[in-house]
Amino acid sequence: FLGSGRWEEEKYEDGVKWKFLEHNGPYFPPEYQPLPDNVRFYYDGKEVKLSLAAEEVALFFAQMLDHDYTTKNVFRENFFKDWRKEMTHEERSLIKDLDKCDFGEIHAMHKAKVEARKNMSKEEKLALKEANQKIVDEFGFCMLDHHKERIGNFKIEPPGLFRGRGEHPKQGMLKKRIQPEDVIINCSKESRIPVPPAGHHWKEVRHDNTVTWLASWTENIQGSIKYIMLNANSKLKKYEVARKLKSCVDNTVTKQVGELQGHLFHFFALIFVSFDPKQLALRAGNEKEEGETADTVGCCSLRVEHITLHEQLDGSECVVEFDFLGKDSIRYYNKVPVIKKGCVGLFPACHCPSRSYFSQTSMLNKHLSSLMPGLTAKVFRTYNASITLQQQLKELTNKSDNVAEKLLSYNRANRAVAILCNHQRAPPKTFEQSMVNLQTKIEARKEQLSLAKSELKQAKKEAKSKGSSDPKLLVERKKAAVKRCEEQLLKMEVQATDREENKQIALGTSKLNYLDPRISVAWCKNMEVPVEKIYNKSQRDKFAWAIDMTEADFEF
DNA sequence: AGCCACACTTAGCAGCTGATAA
DNA sequence: TTATCAGCTGCTAAGTGTGGCT
């Protein structure tokens, strides 16, 4: 029964995702608690008692006062506009200038609350934890077919100020409180229908087993739909599609260049032909509505100003320099030499200012899926990421290394992928300090080591002169101490290297979403590294299928 | 072909927590 | 026992891709 069917997906016929679904509905955040009387708001120096609705929104802003957002003009303007909508007539005619608003006391109260929470007694913390656990127990699980499953996000998003990333035109707008009347419930007809909070009703209860969500509502900033869903589980199928691409790369995709030139923008040809894994892993780049989101682009939406063509750069011929903001407004900067000379002729097109040269992802995907079933633009990222990990692991790890060194190599391979996929992070606020701390520890350990060494020498000397069995034992002990010290020192030095190299790189995203876990599991088996060293508990759960099925000889 | 609605995946960050060192 | 900090989890924004409609 451990055979091939065990990790099968798509249990049901066309599009049916479940046969039975039962849950308790989403959890709603607590109602707003009015400010105590001693916490006041001032306008133009004078105390103003705000209405409940206006006060709540004022608190949202006051809570963010330490954040960069509140210094940004767009944020402030959007906030102020939406805040005024929540005010009463009188408030609105009085409060006309955000700069004259004094949120000082509200801000101070908020900070005191955070502080108090931090300083809670053990008992209080435990009580809070238990209360939270009760909520999880009641709302955090559902019955999906015959299994009890953990729900990924069972809480309705609380109201607040919209925190769009980058230069988001809607940052600071009021994200409204969601009521049960806004929420659609999805579950089995024959299940216990979730009960709405007292005095409320659901917007709708439906029974659609072709979708996986349990509840949904429409959010007021972009008008998009938000869902309550299970945690996405990684799919074997997705990696198999990417893996198939490996054999397709030469005989299918690259041969299509000529055809691509015909009816798709030339730039795809360039990108998808020059896809030596060490090169590009751009996102597809769907069109976006202008003014609704931050101006970010991907492969298909790149504009002329994002690309510079160099006929000669850093010793390579025909190099494309990319500089643009991608998803989450993360900057992508890269200089990529073209590997297929046939593409050179395509470059002049990049200088054409017309957007029409840049085809759409739907066109691209249509073409790609005709080349290979299941092939879409994002499969290239999965393929590139996984093949790069495999190559890097092969290149970097030695069987004779110790575990710490092997793990450094693994992280370096993972890092190569993260760089390829442009997974960046802001350097942690405490980064410099923690590096200094680690360095200090290393120095201390070094001293300890030299001390241990001289003690060993001394012990040896004494053992020689006395020759008794007792000092010999001492020599062994000292030897062990030196060895232990050396190991710890090495471990710390490796850790320092790893951390320094990882300053601005986020490994988690590629690990979770792009790297075929079978590559990592096979590597662990080959290198005799316990799988817990590279996957934590939740990652092991997510990749249980790979851990279970993968042999040491797996090749992506 | 272009659009939009919808469903689902991928993403960085903030705050929490538990391991570790002092 | 307490302070610290790295790693983890939860959160929710921001992508991708499909399919139906005009």
Side-chain angles (χ1 to χ4, degrees), chain A residues 15 17 29 64 66-67 114 117-118 122 125 128-129 132 136 140 150-158 160 162-166 168 170-171 175 184 186 208 210-213 216 218-219 221-235 238 283-289 292-294 296-301 325-330 359-366 368-369 374-379 381-382 385 418 421-426 428-431 433-435 437-438 440-441 444 495 498-499 502 504-514 536-539:
Chain A
K17 304 288 172 56
M64 288 181 73
D66 286 333
H67 203 289
V114 171
R117 173 176 271 263
K118 228 167 51 189
K122 248 188 200 144
K125 279 184 182 163
L128 193 67
K129 205 176 164 182
N132 284 331
V136 174
R150 180 74 201 257
I151 303 170
N153 59 326
F154 58 87
K155 289 177 176 168
I156 293 283
E157 293 174 17
F162 179 67
R163 295 156 97 114
R165 318 244 168 93
H168 201 296
K170 299 195 169 184
Q171 63 186 97
K175 190 170 123 169
I184 303 172
N186 191 35
D208 181 354
T210 66
V211 295
T212 63
W213 53 269
S216 72
T218 301
E219 148 273 345
I221 305 284
Q222 327 252 11
S224 65
I225 307 167
K226 299 270 186 162
Y227 299 94
I228 302 290
M229 283 186 188
L230 305 186
N231 272 326
N233 40 11
S234 89
K235 293 274 164 61
K238 143 172 141 179
R283 292 189 185 86
N286 284 315
E287 285 113 315
K288 319 165 72 181
E289 210 176 327
E292 291 293 300
T293 60
T296 62
V297 295
C299 180
C300 294
S301 50
L325 297 183
K327 183 176 179 179
D328 295 304
S329 294
I330 300 289
S359 189
Q360 297 162 320
T361 54
S362 55
M363 296 286 107
L364 173 63
N365 283 334
K366 207 176 266 178
L368 291 175
S369 53
L375 185 60
T376 59
K378 73 173 184 167
V379 175
R381 267 168 87 78
T382 310
C421 294
N422 204 39
H423 292 143
Q424 298 192 37
R425 62 166 182 174
K429 287 188 186 79
T430 53
F431 185 84
Q433 190 52 51
S434 82
M435 282 313 284
N437 291 351
L438 190 55
T440 316
K441 274 202 279 186
Q495 194 187 4
D498 200 19
R499 202 184 292 176
N502 219 38
Q504 301 196 67
I505 313 286
L507 301 184
T509 304
S510 49
K511 206 174 192 174
L512 243 45
N513 299 304
Y514 289 107
N536 67 30
K537 178 72 175 71
S538 55
Q539 291 163 342

Would a distance-only check, ignoring hydrogens and angles, find a side-chain to backbone donor-acceptor pair under 3.5 Å from [X] to [Y]?
X	Y	answer
A/Asn513	A/Thr509	yes
A/Asn186	A/Thr212	no
A/Ser329	A/Leu325	no
A/Lys170	A/Phe162	no
A/Lys288	A/Ala294	yes
A/Glu219	A/Ser224	yes
A/Arg425	A/Asn502	yes

Checklist entry - How are the rings of A/Trp213 and A/Tyr227 set to each other: parallel, tilted or perpendicular (split at 30° and 60°)? => result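 The arrangement is tilted - the two ring planes meet at 30° to 60°.
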
Is the shortest side-chain N/O distance from [X] to OP1 or OP2 of [N] below 4.0 Å?
X	N	value
A/Ser216	B/dA7	no
A/Ser224	C/dA13	no
A/Ser538	C/dC8	no
A/Asn536	C/dC8	yes
A/His67	B/dC13	no
A/Arg381	B/dA11	yes
A/Thr509	B/dG12	yes

Checklist entry - Which letters describe nucleotides 17-22 of chain B, given B = protein heavy atom under 4.0 Å from base, S = only from sugar-phosphate, - = neither? => result -S--S-

Checklist outcome for this item: Ranking A/Arg117 and A/Thr218 by the position along DNA chain B of their nearest nucleotide, the one closer to 5' is A/Thr218

Item to check | Most 5' of A/Asn513 and A/Lys366 on DNA chain B, judged by nearest nucleotide | outcome: A/Lys366

Checklist entry - A/Lys17 side chain: which of C/dC11, B/dC8, C/dA13 is closest? => result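 Closest nucleotide to the A/Lys17 side chain: B/dC8.
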
Item to check | Listed nucleotide nearest any side-chain atom of A/Met229, set B/dT9, C/dT12, B/dT10 | outcome: B/dT9

Checklist entry - Would you say A/Arg117 has more than 12 foreign heavy atoms packed within less than 6.0 Å of its CZ? => result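 No.
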
Checklist outcome for this item: By nearest-heavy-atom nucleotide on DNA chain C, the more 5' of A/Ser362 and A/Met435 is A/Met435

Item to check | Residue met sooner reading DNA chain C from 5', once A/Asn437 and A/Lys122 are mapped to nucleotides | outcome: A/Lys122

Looking only at heavy atoms, what is the nearest atom pair of [X] and [Y], with distance?
X	Y	value
A/Thr293	A/Gln222	CG2-OE1, 4.0 Å
A/Ala284	A/Ala377	CB-CB, 3.6 Å
A/Ser216	A/Ile225	CB-CG2, 3.9 Å

Please report the distance, rounded to the nearest Å, between [atom1] in [X] and [atom2] in [N].
X	N	atom1	atom2	value
A/Asp208	B/dA7	CG	P	7 Å
A/Gln539	C/dC8	CD	C1'	9 Å
A/Phe154	C/dC11	CZ	C1'	12 Å
A/Lys511	C/dT9	NZ	P	12 Å
A/Tyr227	B/dC8	OH	P	7 Å
A/Gln495	C/dA6	CD	P	8 Å
A/Met64	B/dC13	CE	P	14 Å
A/Asn153	B/dC8	CG	P	13 Å

Describe the nucleic acid contact of [X] in one word from base, sugar-phosphate, nothing, applying a heavy-atom distance below 4.0 Å.
X	value
A/Tyr514	sugar-phosphate
A/Lys537	nothing
A/Lys170	nothing

Short heteroatom pairs, N/O only, protein and nucleotides 19-22 of chain C, under 3.5 Å:
none

Checklist entry - Just how far is it from atom CG of A/Asn286 to atom OG1 of A/Thr296, taken to the nearest 0.5 Å? => result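 If we round to the nearest 0.5 Å, A/Asn286:CG and A/Thr296:OG1 are 10.5 Å apart.
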
Can you check nucleotides 14-17 of chain C for protein contacts, nitrogen or oxygen pairs under 3.5 Å, and list what you find?
| unit_1 | atom_1 | unit_2 | atom_2 | d |
| --- | --- | --- | --- | --- |
| C/dA14 | OP1 | A/Arg165 | N | 2.6 |
| C/dA14 | OP2 | A/His168 | NE2 | 3.4 |
| C/dG15 | OP1 | A/Thr296 | OG1 | 2.8 |
| C/dG15 | OP1 | A/Asp328 | N | 3.2 |
| C/dG15 | OP2 | A/Lys288 | NZ | 2.9 |
| C/dT16 | OP1 | A/Ala284 | N | 3.2 |
| C/dT16 | OP1 | A/Gly285 | N | 2.6 |
| C/dT16 | OP2 | A/Asn286 | N | 2.8 |
| C/dT16 | OP2 | A/Asn286 | ND2 | 3.2 |
| C/dG17 | OP1 | A/Thr376 | OG1 | 2.9 |
| C/dG17 | OP1 | A/Ala377 | N | 3.4 |
| C/dG17 | OP1 | A/Lys378 | N | 2.8 |
| C/dG17 | OP2 | A/Asn365 | ND2 | 3.0 |

